[in-house]
Amino acid sequence: MASSILKNLVRFSSSKVTTTATRSFSLVTTQISNHTAKWMQDTSKKSPMELINEVPPIKVEGRIVACEGDTDPALGHPIEYICLDLAEPAVCKYCGLRYLQDHHH
């Protein structure tokens with residue numbers, strides 16, 4: 001086991017940089033494909049995107065909302081300020097929560 005790892009390290013270090021970059025990229029692509037595939041295998045469970053889309057748009061009174069992803073800062077994401085001037089709900093780029101301006105006339 002250790003000798004095969006050592007052989008791979010020697011082989012990778014002696015190869016060209018472009019070849020290593022290509023190999024690394026193909027490895028990452030495979031890992032992403034495998035990660036995504038696990039959500040597609042069990043059709044009885046919903047994907048994270050399906051779960052977040054089930055949350056109804058959050059109505060707010062102002063024109064701008066600050067999304068933190070969660071009430072606990074340790075579990076959230078960087079603050080994103082979202083402008084709500086459009087008629088359709090605005091989506092947070094980090095967590096996917098949707099916000100809609102609640103117009104009071």
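Count residues from 1 along the sequence.
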**Request:** If you link ILVMFWY side chains whenever their heavy atoms are less than 4.5 Å apart, which other residues fall into the same cluster as V60? By chain and number, please.
**Result:** I52, V55, I58, V65, I82, L84, L97, Y99
**Request:** Write down the atom of A66, the atom of I79, and the distance for their closest heavy-atom approach.
**Result:** CB-CG2, 4.0 Å
**Request:** Using side-chain contact (heavy atoms from CB on, under 4.5 Å) as the criterion, list what pairs up with E88, not counting sequence neighbours.
**Result:** L86
**Prompt:** Under 4.5 Å between any side-chain heavy atoms of L51 and E54, yes or no?
**Reply:** yes
**Message:** Please list all pairs meeting side chain to side chain donor-acceptor pair (under 3.5 Å) that have one or both residues in residues 64-87, counting only residues at least two apart or in different chains.
**Reply:** R63-D85
**Request:** Search all heavy atoms of E50 against all heavy atoms of K45 and return the closest pair with its distance.
**Result:** OE1-O, 4.5 Å
**Prompt:** Rounded to the nearest 0.5 Å, how far does SG of C67 lie from CZ of R98?
**Reply:** 12.5 Å
